[in-house]
Structures are given as structure tokens and as C-alpha cells.
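Notes follow the structure.
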Amino acid sequence: MKEFYLTPEDSIQNILDSLDGPATIYLSAGVYRQKTEIKTDGVTLIGAGRETTVLSFGDYAKKLHADGKEYNTFRTYTLCVSGENAILKNLTVENYNTEPERVGQCVALSVNAKRFYAENAGLKSTQDTLFMAPFPDDLVVRYRGFIPENQLYMDGCAVHLFKNCRISGTVDFIFGGAEAYFKDCEIVSLYEKRGTGFIAAPCHHLVQSGGFYFIDCRLISEGASGNSVYLARPWRDFGKCAFINCSADKHIRRELFDKWNDTERDKTARFAFYKPDCAVPPEPVGWCRELGEAEANDIIAECDRKFTENNG
């Protein structure tokens, strides 16, 4: 396997574009002010440390693109992963925009592949920090010809794994339709000028058995007001997520979940929780579900199996 050692003065994209197979790219400490896409399968990016190696860019949804159209949410990424089996370790990916209420959504990491793994990674932005494909079907139709096909189309399901990561944002900052496992992660809610924050916004299809699973995670406030953040709201009907053995600061709302504005997605959302350790005792909405011990243990076992397979 090829290996490369880069500094912030080097172009990550030039190296990626030269690849014809798997490679490991080591990034020294520093800030890489670059917008990057991993298209080749089997690429590993390893930084010198989560706090010291930073990929940083600042595109935003209302910015005008060279094609004369606004960037829209899905072209604002700092790092896009469309190649399979990519791995990120010991680095941070950030979108440095901090005013989504003025400039729109600002994605840090967009994962448009079926298999992806991140460990000890930081993901920083405000609204829509982390997107995980597949897209909802209606958006695939809407964005045909607007978003590159390698990012837009996905036949089947995706499995994305995040271990010991730190993910921060304000509104819908973990969103998409992948089956995703967040193990021992810090999920950080920042100050939201519009008042209400939302951690997750899933859009799974009804036929998908897997959703977003947050296991042994710490839900932290870094500026979010007390009783101001929901665990999740369904971006589309049948969105699925569960929070298992997670601890939470006082910013998490007693209701835990929101149905999404004036929709009736509370009738179709598949939201659940198990043994929440909340600073404020929860009073969950009636349409979410408390998992039983056996069901929670099955999800934990499946999570462990997938991480073992990835490292095997």
C-alpha cells in the first residue's frame, strides 16, 4: 500500500487524484485550508492528533457557486468521502462558518459511500455538520444534474462507524439515511441563536432495519441553553434512531424527541431510548419507545460486531 506524508503546504487533493488504489496519507500537525474529496476506495487519512491536525474550509448554502447557483447544503462540505472503505483517524474536519441563521447550512463531512470508519476524529460546524448518505429518494430526483452522480446515487444501504469521536453543532448536525453507530462519542451542542437545537435528523426508509445508534455517548453542552436541544427529529417519514446508555447535560429537553415542525412524522418515526442518564429527568413524548434490556443488548452486540469486522 502506498504511503504519503503531507504538511499543510501540500495539496491533499493532488495526492488523492493521483491514486489508483488504496493508500495511507499521514497529515502532520497544522491547519489544512482545503476543500477535499476522497474518490478512490481504500484511503486512510491519519492526523497527528484530533486537536492538532485540522481540515478547514468555510463554504455555506447561500454562497454563489461558479455555476451561478447557490451551493445548497450538499456542496458546502469541507471533506467529501465518495470512495469505499475510507478511514479517518486522529484529525478534525471543520466548516468554520458560525452563522447558519444568516448564511445557511454548512457541512463539515459528507460521507457518500457504503462503508466508512472514523476513530478519534473531530467534526465541527453548526447546522448540518455530518451528512451520511443515502439521500431521501425525493432529493435524488431533485438534485439530478446538480450534485455529481458519485455523491448522489447509492443502490442499497450504508454502514458508517464512529468511535471515540467528537461531533459538534447546533441544528440537525448529524443527518442522513445511513445505518450509523456512534460508540463512546462526545456529541456537543453549541449555542443556537434561533433558540432550539436538534442533534440528529434521520431519513431512513421503512424497509431499513438499521438506523442511527448512539451508544455510551456523552451529550454535552458548550453554549446550548438549558432545556433547548432535542435528541432527534425525523427529516423524513420512518427516520430511525436510538440513544442507549447515554449521559446528557441540562440542555437536553425533557421530551427528548421532536416530530419536525407541523408534520405528522410522529406517526412514522422510529425513535427509542434506553437508560438515559440525564441531568434533568426526562419525560419522553408518547410516540417514542423505551427499549427493553434484551433489545438494547442486541443493538450493542450488533455494534460491537460491526466494529470488530472493520478492525478484523
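For the single chain, residues carry numbers from 1 onward in sequence order.
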Separation of [Y] [atom2] from [X] [atom1] (nearest 0.5 Å):
| X | Y | atom1 | atom2 | value |
| --- | --- | --- | --- | --- |
| I187 | I252 | CD1 | CD1 | 10.0 Å |
| H65 | F146 | NE2 | CZ | 7.5 Å |
| I46 | N120 | CD1 | CG | 11.5 Å |
| I199 | I167 | CD1 | CD1 | 10.0 Å |
| R270 | F212 | CZ | CZ | 11.5 Å |
| E51 | N90 | CD | CG | 11.0 Å |

Q. What pairs meet the side-chain hydrogen bond (donor to acceptor under 3.5 Å, both in side chains) rule with one or both residues in residues 143-157, with sequence neighbours excluded?
A.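 As it turns out, the side-chain hydrogen bond (donor to acceptor under 3.5 Å, both in side chains) pairs with a partner in residues 143-157, which skip direct neighbours, are E37-N150, E37-Q151, N72-Y143, S82-N150, R144-Y153.
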
Q.
Please list all pairs meeting side-chain hydrogen bond (donor to acceptor under 3.5 Å, both in side chains) that have one or both residues in residues 204-219, counting only residues at least two apart or in different chains.
A.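 As it turns out, the side-chain hydrogen bond (donor to acceptor under 3.5 Å, both in side chains) pairs with a partner in residues 204-219, which skip direct neighbours, are K183-D216.
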
When you measure from the side chain of [X] to the backbone of [Y], do you find a donor-acceptor pair of N or O atoms at a distance under 3.5 Å?
| X | Y | answer |
| --- | --- | --- |
| T53 | G30 | no |
| S225 | S228 | no |
| T44 | I87 | no |
| E192 | A224 | no |
| D237 | R265 | no |
| Q34 | I12 | yes |
| N95 | T76 | yes |
| R166 | K124 | no |
| T126 | T170 | no |

Q. In terms of ring plane angle, is the pair W235 and F131 parallel, tilted or perpendicular, where the classes change at 30° and 60°?
A.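 Aromatic pair W235/F131 classed perpendicular.
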
Q. R75 and D59: side chain to side chain contact (heavy atoms under 4.5 Å, CB included), yes or no, with the steps?
A. CA-CA 8 Å; R75 300 196 293 185; D59 281 338; over 6 Å; no

If you count every heavy atom of other residues, nucleotides or ligands that lies below 6.0 Å from [X] atom [atom1], does the total exceed 12?
| X | atom1 | answer |
| --- | --- | --- |
| K163 | NZ | no |
| R254 | CZ | yes |
| K240 | NZ | yes |

Pairwise side-chain contact, [X] with [Y], heavy-atom cut-off 4.5 Å (strictly under):
| X | Y | value |
| --- | --- | --- |
| E99 | K193 | yes |
| L6 | I15 | yes |
| L109 | L55 | no |
| F162 | I174 | no |
| F182 | L130 | yes |
| T73 | F175 | yes |
| F116 | L88 | yes |
| R305 | T308 | no |

Heavy-atom pair of closest approach, residues [X] and [Y]:
| X | Y | result |
| --- | --- | --- |
| C80 | N112 | SG-OD1, 3.5 Å |
| D172 | D128 | O-OD1, 3.3 Å |
| V171 | T196 | CG2-O, 3.8 Å |
| A180 | M132 | CB-SD, 3.7 Å |
| A113 | G83 | CB-O, 3.4 Å |
| L79 | V93 | CB-CG1, 3.9 Å |

Q: Please assess Y230 against F257 for the test ring pair (Phe, Tyr, Trp, His ring centres under 6.0 Å), listing each intermediate value before the final yes or no.
A: CA-CA 5 Å; Y230 290 96; F257 301 106; 8.8 Å; no

(Q) When you compare the side chains of T7 and E9, does any donor N or O come within less than 3.5 Å of an acceptor on the partner? (A)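 Per modelled atom types, T7 and E9 side chains form a pair under 3.5 Å.
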
Taking [Y] as the starting point, is it possible to reach [X] by hopping between hydrophobic residues whose side chains are less than 4.5 Å apart?
| X | Y | result |
| --- | --- | --- |
| Y32 | V43 | yes |
| F214 | L123 | yes |
| V111 | V159 | no |
| F74 | I38 | no |
| F135 | M154 | no |

Q. For R236 and W260, what are the C-alpha separation, side-chain angles and deciding distance, and is it a side chain to side chain contact (heavy atoms under 4.5 Å, CB included)?
A. CA-CA 9 Å; R236 293 292 188 277; W260 193 289; 6.0 Å; no

Q: Decide side chain to side chain contact (heavy atoms under 4.5 Å, CB included) for D138 and V141; before the verdict, give the C-alpha distance in whole Å, the side-chain angles of both, and the deciding distance to 0.1 Å.
A: CA-CA 5 Å; D138 61 303; V141 175; 5.9 Å; no

Q. Are any of the side-chain nitrogens in K306 or E309 under 4.0 Å away from the carboxylate oxygens of its partner?
A.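 Not counted as a salt bridge, because no side-chain N and carboxylate O are separated by less than 4.0 Å.
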
Q | NZ/NE/NH1/NH2 to OD/OE distance under 4.0 Å, R115 and D41 | A |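 Result for this pair is no, no salt bridge flagged.
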
Enumerate donor-acceptor pairs with a distance under 3.5 Å from any side-chain N or O in residues 278-293 to protein atoms, sequence neighbours excluded.
| unit_1 | atom_1 | unit_2 | atom_2 | d |
| --- | --- | --- | --- | --- |
| R289 | NH1 | E295 | OE1 | 2.9 |
| R289 | NH2 | E295 | OE2 | 2.9 |

Q | Test salt bridge (Lys or Arg N to Asp or Glu O under 4.0 Å) applied to R253 and D258, step by step | A | CA-CA 10 Å; R253 292 184 63 101; D258 177 72; over 6 Å; no

Q. Is it the case that K35 places NZ or CZ above or below the six-membered ring of Y77, under 6.0 angstrom from the centre and within 45 degrees of the axis?
A.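 Relative to the ring axis of Y77, which defines the angle, K35 lies inside both limits.
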
Q: Go through the steps for C246 and F273 under the test side chain to side chain contact (heavy atoms under 4.5 Å, CB included), then give the verdict.
A: CA-CA 9 Å; C246 293; F273 64 94; over 6 Å; no

